[in-house]
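Everything on this sheet refers to the single structure shown next.
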Amino acid sequence: MDPLLYGHAPDERLVGAHLSGDSRVRVYRRSGGALHTEEVPFFPFFHLSDGRLLEGFQGRHWLKPLEGEGYYAWLAAFDSWQAMWDAFRLVSDRSPSPRGEPSPRPEPVHLFTDPVTQYLLQSGRTMMKGMTYADLSRLQVDIETYASPPHTFPNAERPADRVILIALSGDDGWEQVLDGRRMGEERMLRELVKIVAARDPDVIEGHNIAGYDLPYLQRRADLHDVPLAFGRDGSLLRWPAGRQGAEWWLDPSPPEIAGRHVVDTHTLLQSYDAGRHELESTGLKAAARHFGFAAPDRVTIDPRRIPWHWDNDPEPLVAYALDDVRETRQLADRLAGSALHMTQMVPFALGTVIRTGAAQKIEAMLVRAYLRRRVALPCPGEGMQTAGGYTDVFVTGVVGPVVHADVESLYPSIMITRGIAPASDTLGVFGELLRELTTLRLEAKRSIRAAGDPLAAGRLDAMQSSFKILINSFYGYLGYTRGLFNDFRRADEVTRIGQEILRSMIRHIRGAGGRVIEADTDGIFFVPPGEPEGEAVDRAAVGRLSGTMPEGITVAMSGRYARMFSYKRKNYALLRYDGGIVVKGSSLVSRSMERFGRTFVRGVIEALLRDDVAAAHDLYVAAHRAIAGRTLAVAEFARRETLREPIETYLRDVEAGTRNRSAAYEIARTAARHLRPGDTVAYYITGNEPNPRTFEQCRPVEEWNPNFPDANVPYYLRRLDEFAAKFADSFEPRAFRAVFSPDDLFPFDPSGIRLEVREVTPEPPESPAEESEWQEE
DNA sequence: AGCTGTGGCAGGGAGG
DNA sequence: CCTCCCTGCCAC
């Protein structure tokens, strides 16, 4: 095993760790079925730019100068966690930031704030080596809560909104329900604490457990003065400090539980679905259906009906909660494998692996290597990355057949073949890691093909995908503002070489008579020359293209399609040979589009790809009628948006004039419960003018009353026409008006209507510096 | 205390 | 009208 990747400690099955006292760590190892514990010494530490900053510090500490020219040239270690923080504060006070300014860059101290991470870095250990997810002891948790008044969102602060059921299950098939009918809430909580201690799980799992179940349980436990002692050492939940900022709120952080890992399957599901968009929702039931493990007799209950059920027919609730924990277990089985394998490489606990991004993991591995060799660390460089991928569209409309050719692992290949690595990485760890991960990934992929049983193949796939995630993030790390080893010039170099490679591919495809439709970063859609040929011929052509590439750059055929609707850069649709359709791009598929619009756009695309103009017309007429006749359900024309900032921030920015009012946040302000970033609001537009100020004329879907439909018909007809306008370039103007017209006095006659295809010339770049390059093309 | 990157489109509000 | 700017969402 490569110590660079898997740490320096020998193979061991470490399943948990926590701070024990001030300067020791208790670690839990699993061998066979038994759990062993040991207490080991641990010295909390941080990196320091200048040893003098610690002069006069009273606490017991060691200061060690590091080798090399790095900015963080000192390693400070302490005899207690508390002393480390005291020292941190002292140093921060000694390098004060100007009033109102953010702290000075670079920071004088570089600190890992989690003791388990620090211990793993220091010891060279990693967790769960050689283990599969099935080797862990796990507990799944799901709570049901009572809301009063009914149909409102349960609020733990309201005394009546108590926990009524707690469903639990384990990896060994054990199941139990704590039932509020048989015991009061307080006793349920005490029982829960006992069960956690008795079953002693390594992992506590739940769907949205970080955002709902655990916070709710904590509030109720506080109310009853029940200590929620879930820790392996009997300690309480440790909640993350109040967070400020934006983006990472979208996913609430779970509390820390000493010696255990909290795995929120909702977080796992979001990372699974990110960029894939296969799920209709990230709810548990949708996921179970998606992966095909939903029980056929699955009990479903509308959450708003829970209070009614509890009062009148409680038995189905028990079955419902049990189904939830069973599905949670299967979801974790399905999704946690890759994170588990990463835990074996990265000095993070499983829960931390799931919640942190790839750049953090890469950095932790770099720091581990530098720490091991007692070499100073660099600080983040000033500046910004300026260049990105090349993207362009050359032809719009319906074309085909098309071939998609793309460069395999473009940025990693460029970095490996050109030896591009951060200038500050004097030990050369970055390149070594990248090459090693790439080799291991290829090996894992080979082994998958050779693997006999699906279990082994599944494990190898988890391994392979964890390598892939890391490999693809090395480029991003170069441009990461806060990365210790960032290097913006090298990041620009990678993208610039990538652009050159893509342009060279375009030239070669054209040179061979192909018609280039669209290009984006590392891939090109093109119509092969001559009469449509078979797959082998296309593949051979891409092979020849690959032959023109520099050493280490491979182009592969990643898809063949019967037809393509090319709309704009990064926006297109494909008709597969099996008849399936793929639609890409924010202007064609977006969660924020009204559902009727999504259906309409997709339907028209499908019609055009199948050469059925009459079907496109029918879709328009049907949608027009439904809107004008007010027969659309509210879900069809409601717009759904995700809040990305706290409402308070929005209001402050509006007040300050730095942002405009928007319907979504105006709705959120008046919502019954306090909405947070990550929550979605659904609203529709009222009134009677086609161009209303939407932030004034919006209403939440909850207030929709089908008996008094007040949707803004002119507005939604205008929206329909905006959706139709996406197809304007595919027709002659007269034909376009005929197809997308509600006028049905005469039967629509599609004969004579031809689909238009347009050549789009890329706009010349604006900066004169690039002009010569443009003229070359 | 936690935060990989750039490029691109649509929709909306504000102000000329 | 139009342009500018911001936000949300998406492709890679």
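Order of the sequence lines sets the chain letters (A, B, ...), proteins ahead of strands, with each chain counted from 1.
Every side-chain contact (heavy atoms from CB on, under 4.5 Å) that A/L236 has, sequence neighbours left out, goes to A/P227, A/A229. Checked against side-chain contact (heavy atoms from CB on, under 4.5 Å), A/A671 has the following partners two or more places apart in sequence or in another chain: A/L675. Residues that satisfy the side-chain hydrogen bond (donor to acceptor under 3.5 Å, both in side chains) test with A/Y650, not counting sequence neighbours, are A/E666. By the side-chain contact (heavy atoms from CB on, under 4.5 Å) test, A/F88 pairs with A/F46, A/W85, A/S92, A/V109, A/L111, sequence neighbours left out. With sequence neighbours excluded, the residues that form a side-chain contact (heavy atoms from CB on, under 4.5 Å) with A/I553 are A/V407, A/S413, A/I414, A/I501, A/M549, A/P550. Scanning for ring pair (Phe, Tyr, Trp, His ring centres under 6.0 Å) contacts around A/Y572 gives A/F525, with sequence neighbours left out.
Among B/dG11, B/dG8, B/dG5, the nucleotide with an atom closest to any side-chain atom of A/T481 is B/dG5. If you check B/dG11, B/dA10, B/dC9 against the side chain of A/Y567, the one that comes closest is B/dA10. Distances from the side chain of A/F695 to the nucleotides C/dC12, B/dG2, B/dA14 place B/dA14 closest. Listed nucleotides C/dC12, B/dG13, B/dG7 differ in distance to A/D520; the shortest reach to its side chain belongs to C/dC12. Minimum atom distance to the side chain of A/P240 is reached by B/dA1, of the listed B/dT4, B/dA1, C/dC12.
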Query raised in the report: How does protein reach along nucleotides 2-10 of chain C, written 5' to 3' as B (base within reach of a heavy atom under 4.0 Å), S (only sugar-phosphate), or - (no contact)?
Result: ----SSSBS
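Under the 30°/60° scheme for interplanar angles, the aromatic rings of A/F112 and A/F45 are found to be tilted. By the 30° and 60° cut-offs, the orientation of the rings of A/Y716 relative to A/F596 is perpendicular.
Residue contacts for A/A664: at a heavy-atom cut-off of 4.0 Å it reaches no nucleic acid atom on any strand shown. In this structure, A/F88 reaches neither bases nor backbone, as no heavy-atom distance under 4.0 Å exists between it and the strands shown. Counting any heavy atom pair closer than 4.0 Å across all strands shown, A/T113 reaches a base atom. Across all strands shown, A/S662 has no heavy atoms under 4.0 Å from either base or sugar-phosphate atoms. Across all strands, A/G388 comes closer than 4.0 Å only to sugar-phosphate atoms, never to a base (heavy-atom distances).
For A/Y475 and B/dT4, the shortest distance from a side-chain N or O to OP1 or OP2 is not below 4.0 Å. The phosphate of B/dG12 has OP1 or OP2 within less than 4.0 Å of a side-chain N or O from A/Y715. Contact annotation: A/S587 side-chain N/O to C/dA11 OP1/OP2 distance is not under 4.0 Å. OP1 or OP2 of C/dC12 lies within a sub-4.0 Å distance of a side-chain N or O belonging to A/Y572. Neither OP1 nor OP2 of B/dG2 sits under 4.0 Å from any side-chain N or O of A/Q360. Close to B/dG5, at under 4.0 Å from its OP1 or OP2, lies no side-chain N or O of A/R482.
The nearest whole Å value for the distance from the CZ atom in A/R661 to the C1' atom in B/dG11 is 18 Å. If you take CD of A/E256 and C1' of B/dG2, they are 11 Å apart, rounded to a whole angstrom. The CD atom of A/E107 sits 14 Å away from the C1' atom of B/dC3 (whole-angstrom rounding). Following rounding to the nearest Å, A/F485 (CZ) and B/dT4 (C1') show an atom-to-atom distance of 16 Å. If you measure from atom CZ of A/R89 to atom P of B/dA1, you get 9 Å, rounded to the nearest angstrom. Rounded to an integer number of Å, the gap from A/I524 CD1 to C/dC12 C1' is 14 Å. The nearest whole Å value for the distance from the CZ atom in A/R496 to the P atom in B/dG7 is 14 Å. Between A/N571 atom CG and B/dG11 atom C1' there is a gap of 14 Å when expressed in whole angstrom units.
Using a 4.0 Å cut-off between charged nitrogen and carboxylate oxygen, A/E722 and A/R718 count as a salt-bridge pair.
For DNA chain B, no neighbouring residue in residues 403-414 of chain A is found when judged by any heavy atom under 4.0 Å.
A distance of 3.5 Å separates CD1 of A/I416 from OG1 of A/T438, quoted to the nearest 0.5 Å.
Ranked by how close their nearest DNA chain B nucleotide is to the 5' end, A/G389 and A/Y477 are led by A/Y477.
For residues 472-485 of chain A, the set of pairs meeting the side chain to side chain donor-acceptor pair (under 3.5 Å) definition, not counting sequence neighbours, comprises A/Q360-A/Y480, A/E363-A/Y477, A/Q385-A/Y475.
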